[in-house]
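One-based numbering along the sequence shown.
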Amino acid sequence: MKFSFKIQQYQTDAVNAVVDVFKGQVRPAQDTSYFFDPGRLVLVKTKKAKNSNGYNLFQQELDEQEAKQDIILGYANAPIKLDKVQLLENIKLIQGNNNITPSKELIEGQGKCSLDIEMETGTGKTYVYIKTMFELNKQYGWNKFIIIVPSVAIREGVKKSLETMEEHFMSQYGKKARYFIYDSKNLTKIDDFAKSNEINVR
């Protein structure tokens with residue numbers, strides 16, 4: 001069975017409101033990359049030497065060739081370049097356009113700012129935040145997203161939504177999101193999450 005999704009204006013407005021919080025953020029010319037060590041065992045060379053008292057010492061040195069092979073290229077979201085003043089001004093503008101009492105200050109503690117976006121039950125919250133990820137990727141190049149849910153049932157529902165909406169967003173954005181459920185027994189998925197420069201959701 002194939003699902004057909006109708007684009008609702010209020011959902012588009014909600015997505016745009018989140019995206020506009022970061023208005024002024026410049027999309028980087030290329031993906032933000034970094035090198036990371038996945039923590040695998042690296043071969044070492046053992047060298048025997050004597051200290052000033054004549055005792056044998058064993059010194060371990062990293063095999064440089066092996067160490068280089070173990071370093072992996074990863075991709076991250078480009079940092080937010082907007083300062084607190086600009087972010088707050090953007091938020092106030094959005095709040096004013098939607099008859100919401102303007103915030104006096106940013107709520108910090110989890111990154112640059114914390115946003116509380118409220119929608120009624122049954123209005124398509126899951127659709128909105130999945131579409132928001134695609135728009136943030138399109139506008140600012142961000143490609144790493146983490147969804148935190150309060151229960152296993154909701155987690156399974158979100159996974160099902162990502163599956164059923166895959167073709168819909170592919171037709172809109174020309175790309176798919178790579179997604180997985182975090183499992184501490186399968187850390188390979190975390191490596192894949194870090195190494196990919198596509199839209200990744202966990």
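- Side-chain contact between Leu162 and Ile130 is present, with at least one heavy-atom pair separated by less than 4.5 Å.
- The minimum heavy-atom distance between Glu166 and Ala177, with the atom names listed, is OE2-O, 4.4 Å.
- Residues Ser196 and Lys144 share a closest heavy-atom pair of O-NZ, 2.6 Å.
- Inter-residue side-chain proximity for Asn200 and Asp192 is flagged as unmet; no heavy-atom pair is nearer than 4.5 Å.
- Ring to ring, Phe134 and Phe145 are not that close: their centroids are 6.0 angstrom or more apart.
- Within 6.0 Å of NZ in Lys125 there are more than 12 heavy atoms belonging to other residues, nucleotides or ligands.
- Contact record, Met170 with Lys175: SD-N, 3.3 Å, taken as the closest heavy-atom pair.
- A distance of 11.5 Å separates CG in Asn97 from CG in Asn16, rounded to the nearest 0.5 Å.
- Looking at Asn90 and Gln25, their side chains never come closer than 4.5 Å, going by heavy atoms from C-beta outward.
- Contact check on Glu163 versus Lys159 returns a salt bridge, with a Lys/Arg side-chain nitrogen under 4.0 Å from an Asp/Glu carboxylate oxygen.
- Residues Asn77 and Thr32 are not in side-chain contact: their nearest non-hydrogen atoms beyond the backbone lie 4.5 Å or more apart.
- Side-chain contact check for Thr188 versus Phe180: every heavy-atom pair is 4.5 Å or farther apart.
- Atoms CZ and CG, from Arg202 and Asp183 in turn, are 11.5 Å apart once rounded to the nearest 0.5 Å.
- Hydrophobic clustering (ILVMFWY, side-chain heavy atoms < 4.5 Å, transitive): Ile146 and Val18 are in distinct clusters.
- The 12-atom threshold is exceeded at CD of Gln9, counting heavy atoms of other residues, nucleotides or ligands nearer than 6.0 Å.
- Across every non-hydrogen atom of Ala14 and Val128, the tightest pair is CB-CG1, 4.0 Å.
- Between Tyr173 and the options Glu135, His168, Lys138, a side-chain hydrogen bond (donor to acceptor under 3.5 Å, both in side chains) holds for only Glu135.
- Separation of atoms CD1 (Ile181) and CZ (Arg155) is listed at 4.5 Å; rounding is to 0.5 Å.
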Query - Working for side chain to side chain contact (heavy atoms under 4.5 Å, CB included), residues Ile147 and Tyr182 - result: CA-CA 10 Å; Ile147 301 171; Tyr182 173 76; over 6 Å; no
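- Nearest heavy atom pair, residue Trp142 against residue Ala78, reads NE1-O, 3.0 Å.
- The local environment of CG in Leu73 is crowded, with over 12 non-hydrogen atoms from other residues, nucleotides or ligands closer than 6.0 Å.
- Note: Asp13 CG to Asn98 CG = 7.5 Å, rounded to the nearest 0.5 Å.
- Side-chain heavy atoms closer than 4.5 Å link hydrophobic residues (I, L, V, M, F, W, Y) into clusters, and following such links, possibly through other members, connects Tyr127 to Val149.
- Tyr129 is not listed as a side-chain neighbour of Met119, based on a closest heavy-atom distance of 4.5 Å or more.
- Atom CG of Leu88 is separated from atom CD1 of Ile107 by 10.5 Å, given to the nearest 0.5 angstrom.
- Residues Lys23 and Leu82 have side chains not in contact (no heavy-atom distance under 4.5 Å, counting atoms from C-beta outward).
- With a 4.5 Å cut-off on side-chain heavy atoms, Thr123 and Gln8 do not count as touching.
- Considering OG1 of Thr132 and CD of Gln11, their distance stands at 10.0 Å, rounded to 0.5 Å.
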